[in-house]
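Side chains are part of it too, since the values below use all heavy atoms of this structure and drop only hydrogens, waters and symmetry mates. Order of the sequence lines fixes the chain letters, A, B, ..., with proteins taken first and strands second; residue numbering starts at 1 for each chain.
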Number of protein chains: 2
Amino acid sequence: MQLLDNYFKSAFSVDNVIFGFGSGKLQVLLIKRGEEPYNDFWALPGALVHPDEDLDDAPLRILRELASIDNVFLEQVHTFGRVDRHPQGRVITVAYYSLINKDEVSPKAASFANEVAWHNVFEIQSLAFDHLEILNSCVAQLQNSIKIKPIGFELLPESFSLSHLQTLYEAILNTALDKRNFRKKMLSMKLLVDDLLYQEGVPHRPAKLFRFDKDRYETLKKEGFNFQI
Amino acid sequence: MQLLDNYFKSAFSVDNVIFGFGSGKLQVLLIKRGEEPYNDFWALPGALVHPDEDLDDAPLRILRELASIDNVFLEQVHTFGRVDRHPQGRVITVAYYSLINKDEVSPKAASFANEVAWHNVFEIQSLAFDHLEILNSCVAQLQNSIKIKPIGFELLPESFSLSHLQTLYEAILNTALDKRNFRKKMLSMKLLVDDLLYQEGVPHRPAKLFRFDKDRYETLKKEGFNFQI
DNA sequence: CCAAAAGTGTTATTGATACACCCATGG
DNA sequence: CCATGGGTGTATCAATAACACTTTTGG
């Protein structure tokens with residue numbers, strides 16, 4: 001609260017909705033608050049923006065502190081600024097979401113949190129402050145973005161099967177997709193390269209593995225190509 | 001600058017990209033700055049957010065001061081917060097755009113401006129601060145939004161012809177559209193009601209006039225209808 | 001040989017695009 | 001009667017959606 005006092009009257013913060021994919025579900029990394037208000041509530045990880053820090057760097061700092069990762073996909077979503085959104089003063093907050101591969105991180109509670117844990121997005125009932133509204137707006141934007149930009153791969157290991165990718169899309173869009181149509185469309189865009197590997201040790205026919213060709217996407221994009229699922 | 005001093009070190013502002021439609025072109029309302037920095041440059045109308053003012057109300061206040069109108073379509077676009085974006089201190093700014101019918105306003109220079117004028121969007125070469133970047137992001141978002149939401153009507157008089165509407169779409173999207181296909185699609189959505197009026201005093205066949213049925217749109221939207229042009 | 005998920009094509013329907021002439025009015 | 005923009009329909013092509021069986025592996 002000491003730090004807060006310096007900023008108060010008018011502070012700006014960022015909140016970062018960190019998405020991951022696990023157990024076939026879209027998940028989000030939440031912290032358990034260790035102080036009032038909303039003590040013991042789950043909340044989005046957030047931080048005040050430092051005076052000498054670019055706005056877009058603040059959510060990346062959160063990721064570094066919480067999950068020790070850098071170089072993450074990040075998208076700004078919306079800025080929330082109702083006068084009464086924070087009970088202790090005027091805080092305008094900029095919401096971001098980021099996509100990370102859960103396998104590569106083991107989140108540790110940072111200075112500002114008691115506990116950190118992954119939660120299934122579509123099972124969350126309440127959060128501290130207006131964080132549920134913020135989460136929902138980020139989910140909506142993710143659902144839009146994933147249909148028109150090849151960003152889902154950020155949530156998967158480098159090498160993945162088409163079924164794995166499809167379950168990811170289904171988890172995010174919260175709907176079932178047709179297997180044959182999904183594969184047809186995904187492969188027709190020529191953004192996946194055959195990894196020349198197959199799944200191992202599975203009790204069924206092993207799936208062919210692919211990886212996403214980012215360079216090729218950048219090239220195609222310049223030529224006017226539009227990703228579309 | 002006196003007001004500014006109170007806020008500085010960390011201030012948040014809004015900038016409002018006010019779009020209008022005139023002479024067949026997409027236009028934007030700019031102010032000419034009357035002080036340093038960027039004295040005599042054209043700039044987006046902006047304002048610091050008052051401590052007791054909801055964020056979304058700040059751009060509406062700008063509209064009230066500059067054009068004496070209320071009840072305007074408004075969309076938040078993006079928040080710009082690079083440390084060096086403002087030469088005099090740390091200012092994070094939230095960009096909004098709004099759509100108004102030029103016929104209903106006669107903008108007057110407000111306290112913070114020397115001069116106000118409409119400019120053709122696609123002819124603007126430079127603006128104060130990073131306002132060109134902000135303008136461009138708002139134009140891009142308007143172009144996206146107008147394809148999927150029936151918002152263009154805000155820029156027109158209540159009663160308009162299909163050709164009028166088409167020139168508006170062409171001006172915003174900066175591209176030519178096929179007349180028959182445009183009309184077919186627009187009418188098929190059943191969002192326009194025949195105004196039972198025709199143009200008058202034109203030296204050619206007078207056009208049938210329509211108006212946008214907002215209630216009907218809200219109803220259809222609830223049933224899962226998606227606007228699409 | 002059983003269970004489990006991988007992999008694979010065709011058809012029908014829908015939506016998108018391309019395109020040219022006649023009409024009504026004012027001057 | 002001329003100039004101007006208003007108004008209209010069809011045919012082709014591309015994209016989407018629906019749908020069921022065979023294959024490969026581990027146990």
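Here the options are B/I62, B/T93, B/D130, the test is side-chain contact (heavy atoms from CB on, under 4.5 Å), and the partner is B/D15; only B/T93 passes. In summary, of the residues considered (B/E170, B/H119, B/E123), a side-chain hydrogen bond (donor to acceptor under 3.5 Å, both in side chains) with B/K25 occurs for B/E123 alone.
Under the 4.5 Å side-chain criterion, counting only non-hydrogen atoms from C-beta, A/V94 is in contact with A/L55.
The listed nucleotides are D/dT4, C/dA6, D/dG9; the one nearest the side chain of B/R180 is D/dG9. Out of C/dA24, C/dA18, D/dT24, the shortest distance to the side chain of B/P206 is found at C/dA24. Distances were taken from every side-chain heavy atom of B/K179 (C-beta onward) to each of D/dT24, D/dG6, C/dA16; the shortest belongs to D/dG6. Of the candidate nucleotides C/dC19, C/dA6, C/dA16, C/dA6 has the atom lying nearest to any side-chain atom of A/H204. If you check D/dG6, C/dG7, C/dA20 against the side chain of A/R205, the one that comes closest is C/dG7.
For the residue pair B/Q166/B/K179, the side-chain donor-acceptor check at 3.5 Å is not satisfied. Side-chain contact, B/S161 with B/Q199: no donor N or O sits under 3.5 Å from an acceptor N or O.
Side chain A/K208 to base C/dG7: no donor-acceptor pair is found below 3.5 Å. The base of C/dT17 does not come close enough to the side chain of B/K185 for any donor and acceptor atom to sit less than 3.5 Å apart. Side-chain atoms of A/K184 and base atoms of D/dT16 include no donor and acceptor less than 3.5 Å apart.
Spacing between atom CE of A/M186 and atom P of C/dT8 amounts to 16 Å, rounded to whole angstrom units. D/dG7 atom P lies 12 Å from atom CG of B/L165, rounded to whole Å. The CD-P distance, from A/E200 to D/dT25, rounds to 12 Å in whole Å. The distance between atom CD of A/Q166 and atom C1' of C/dG7, rounded to the nearest whole Å, is 12 Å. Between the CG atom of B/L162 and the P atom of D/dG5 there is a distance of 17 Å, given to the nearest Å. Distance A/D178 CG to C/dG7 P: 15 Å, rounded to the nearest Å. What separates CG of A/L187 from P of C/dT8 is a distance of 8 Å, to the nearest Å. B/F210 places its CZ atom 10 Å from the C1' atom of D/dG7, with the value rounded to the nearest Å.
Residue-to-nucleotide proximity on DNA chain C shows that, of A/P203 and A/Q199, the 5′-proximal contact is made by A/P203. Between A/N181 and A/H164, the residue anchored nearer the 5' end of DNA chain C, judged by the nucleotide with its closest heavy atom, is A/H164.
The phosphate of D/dG7 (OP1 or OP2) has a side-chain N or O of B/R183 nearer than 4.0 angstrom. Here B/S163 does not reach the OP1 or OP2 of D/dG5: none of its side-chain N or O atoms lies under 4.0 Å away.
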